[in-house]
Amino acid sequence: MIKNNVSTRFIDAIMRFSTKNYLHLQKTNLTKLPPPNEQKTKDKEYLLYMHVPFCATICTYCSFNRFIFQEDKARAYFRSLREEMQMVKDLGYDFSSIYVGGGTTAILPDELCKTLELARKLFGIKEVSCEGDPNSLHKDLLYSLRGLVDRLSIGVQTFDDNILKKVSRYDKFGSGNEIIKRLENTIGILPTLNVDLIFNFPNQTEKTLDYDLQTIKNLKPNQVSIYPLMSSPSVKSAIKRSMGLVSLDNEARLYEQILDTMKDDFTQLSSWAFSYKEKEIFDEYVVDNDEYVGIGSGSFSFLDGTLYVNTFSLKEYSQKIQNKQMGIARERKYSKKARLQYRLMVELFGGEANIKRFKEKYNSNMEIDLFKEILFLKLTKNIYKQGDSYFPTMQGKYLFLSMMKEFYIGMDRVREESRAALKEEDM
Ligand code: SF4
């Protein structure tokens with residue numbers, strides 16, 4: 001039985017402390033990202049992340065980097081994105097995959113298409129993944145993205161009308177039934193459709209979660225990601241006011257229900273991602289891309305052990321691009337040990353940490369360099385060894401889901417702090 005036990009709470013507390021400490025970033029004087037590491041580029045694949053920070057209206061619980069949509073500002077922003085993309089190309093980077101996040105990525109479909117066409121011209125792109133919301137599920141839009149977007153990830157969160165109303169999504173994206181109809185009409189237009197669901201809303205019962213899981217099993221999208229509710233400090237108090245307290249015991253219990261319900265029809269790709277069995281299995285992006293370049297306001301890049309964060313101010317971003325600079329504003333370098341610890345967590349979150357692959361990718365003998373961490377995980381029965389790999393136990397799957405949740409909450413905290421400093425003219 002999966003539990004939020006002492007070792008999970010202990011490791012979570014360390015993770016919370018570490019993310020707070022490690023995500024404390026300093027201002028940078030750099031005007032461009034460093035070029036790709038020549039020694040690594042031969043067999044190294046980078047991911048390009050692109051951020052579109054505009055939404056028609058703002059949801060109460062959102063901690064992403066987003067601004068109210070104004071067409072002139074958004075068109076100017078897309079022009080800047082394309083210029084920053086060209087700067088990345090001039091530095092010598094190439095990418096086989098792109099991830100477009102938002103905001104509402106398709107808020108200006110013509111600009112999105114133009115930007116992706118440029119990306120496909122500049123780089124050896126094999127796969128483009130794009131986030132979207134339930135309002136993006138329109139045949140015309142998806143047909144216009146064919147050939148440009150390979151994987152569309154839709155943030156549905158739940159099909160339960162009561163929860164949709166409480167999190168202010170009902171009026172904006174429609175009822176659960178309306179979203180189901182839109183999914184039925186659009187699954188199959190693009191090569192891969194991923195549905196994002198959230199579990200462990202305050203007071204969520206096994207019955208309401210079961211409704212979401214059975215609905216998704218009937219719909220059979222190519223992929224489904226089922227995240228625990230992640231609440232950064234400001235979101236946490238808003239949720240507490242309108243829905244009540246988030247229970248970690250409930251989280252463990254509901255997670256076990258998810259694993260039980262999904263196992264017959266879906267293959268598990270990571271602690272929270274599942275691929276429909278009769279269709280092709282797709283990668284889990286968090287696991288497969290250890291280095292990435294981010295373009296656009298508020299995006300993150302991770303290169304050669306350093307995290308870079310672009311400015312969250314739209315005004316400053318546009319000025320930097322006009323001055324032929326990239327958007328970077330802050331940075332933080334990490335020790336090799338910290339990077340290895342992070343990668344061990346991510347690999348185990350992805351279902352397997354292979355000793356040989358770890359050596360090839362990170363030049364590390366993980367059983368020596370991370371001896372204490374592995375011993376502790378083994379003693380607490382979160383991992384076991386088979387052949388050349390370590391695998392998470394059922395309890396371990398929950399632990400690594402919980403650790404990734406803390407990591408993402410830490411990233412949200414960086415966004416919140418950065419956005420809190422913005423003035424009217426920055427937006
Ligand atoms: S649509 Fe998404 S990005 Fe925009 S405000 Fe709502 S939750 Fe945030």
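First listed ligand is number 1; within each ligand, the first listed atom is number 1.
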So which heavy atom in the protein is nearest [atom], and how far is it from that ligand atom?
atom	value
atom 4 (Fe) of ligand 1	Cys55 SG, 2.3 Å
atom 3 (S) of ligand 1	Gly103 N, 3.4 Å
atom 8 (Fe) of ligand 1	Cys62 SG, 2.3 Å
atom 6 (Fe) of ligand 1	Cys59 SG, 2.4 Å

Does the Thr208 side chain pair with the main chain of Gln204, one donor and one acceptor, at a distance under 3.5 Å? no

Side chain to side chain donor-acceptor pair (under 3.5 Å): which pairs involve residues 239-248, sequence neighbours left out?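 Of all non-adjacent pairs touching residues 239-248, those that pass side chain to side chain donor-acceptor pair (under 3.5 Å) are Tyr61-Ser242.
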
Sole residue of Arg120, Arg79, Arg82 in side-chain hydrogen bond (donor to acceptor under 3.5 Å, both in side chains) with Thr115: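 It is Arg82; the other options fail the test.
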
Can you check whether a protein heavy atom sits less than 4.0 angstrom from atom 1 (S) of ligand 1?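 There is a protein heavy atom less than 4.0 Å from atom 1 (S) of ligand 1.
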
Flag this pair as yes if the NZ/CZ of Arg151 is under 6.0 angstrom from the six-membered ring centre of Tyr99 and inside a 45 degree cone about the axis; otherwise no.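 Arg151 over Tyr99 ring: no.
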
Close side-chain approach of Pro392 to Tyr398, heavy-atom, < 4.5 Å: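 A side-chain contact is absent here, since even the closest heavy-atom pair is not under 4.5 Å.
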
Where ligand 1 meets Lys172 - atom numbers and elements under 4.0 angstrom, heavy-atom basis: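 Every atom of ligand 1 under 4.0 Å from some heavy atom of Lys172: 1 (S), 6 (Fe).
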
